[in-house]
Amino acid sequence: MQKPLIDYLPSRIWLMKSEPDVFSFFDLEKKMGQKEQWDGVRNYQARNFMQKEMKVGDKVLFYHSNANPSGIVGLAEVVEEAKPDFTALDPNSEYFDPKATKENPRWYAVTVGKPQKFPKFISLSEMREHEPLQNMLLLRKGQRLSILPVSLNEYSFILQLARFHK
DNA sequence: GCCAACGTTGGC
DNA sequence: GCCAACGTTGGC
């Protein structure tokens, strides 16, 4: 019997996946103001995390998915609470959702900023090697959610692996 | 490119 | 509400 996701809440630490070909950690670093709304999420569970659970100041482990290799590149932070994701209303956007309206935007997204690159990149395969990370939601078979809560112990361990001290 | 494991949609 | 068909995610 696996622990349901909801048992990990409330969390103040999150792992957010992004495909680097679409939007990478380095894109965030280069972004004006070094912040970006996390738009394009079209999964209800991930949206609910952003809309209902994520608060300004929450820590974000920035994960590159579909990458060579996939893994955590650095730390970031929630800098603005969830607001409507207007890409859903834009017919020219690949994230357009015909069911979204101005009155009911349907999709919401937090804004992520304050990127801090890890001295050492943490690959997915490295995470699998470490006992203290074996219960990470990220490592669960079949877990595809793009936003996942992270426990404090997992977070501390990852910061050590990444040689990140602050 | 393959494909397992999910999530979503829509007919009934 | 069930569930088959389809679409997506993301590691490999």
Go along nucleotides 2-7 of chain C 5' to 3' and tag each nucleotide: B for a protein heavy atom under 4.0 Å from its base, S when only backbone or sugar atoms are that close, - otherwise.
-> -----B
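- Residues that satisfy the side-chain hydrogen bond (donor to acceptor under 3.5 Å, both in side chains) test with A:Arg12, not counting sequence neighbours, are A:Asp58.
- Between A:Arg42 and A:Asp85 there is a salt bridge, since at least one side-chain N of the basic residue sits less than 4.0 Å from a carboxylate O of the acidic one.
- For the side-chain hydrogen bond (donor to acceptor under 3.5 Å, both in side chains) criterion with A:Glu77, the lone passing option out of A:Lys35, A:Gln116, A:Lys59 is A:Lys59.
- One distance of note links CD of A:Glu154 with CG of A:Leu61; it measures 9.5 Å at 0.5 Å rounding.
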When you compare the protein's N or O atoms with those of nucleotides 9-11 of chain B, which come within less than 3.5 Å of each other, and at what distance?
none

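- Using modelled atom types, one side-chain atom of A:Ser11 and one backbone atom of A:Val150 make a donor-acceptor pair closer than 3.5 Å.
- In this structure a side-chain-to-backbone donor-acceptor pair under 3.5 Å is missing from A:Glu81 to A:Lys83.
- Atom CD in A:Gln143 sits about 14 Å away from atom C1' in C:dT8, given to the nearest Å.
- Exactly one residue among A:Phe49, A:Trp107, A:Phe62 makes a ring-ring contact (aromatic ring centres under 6.0 Å, His included) with A:Trp38. That residue is A:Phe62.
- Ion pairing between a basic and an acidic side chain is recognised when a charged N comes within 4.0 Å of a carboxylate O; A:Glu126 and A:Lys120 show such pairing.
- Both A:Asn66 and A:Asn43 lie close to DNA chain B; mapped to their nearest nucleotides by heavy-atom distance, the more 5′-ward contact belongs to A:Asn66.
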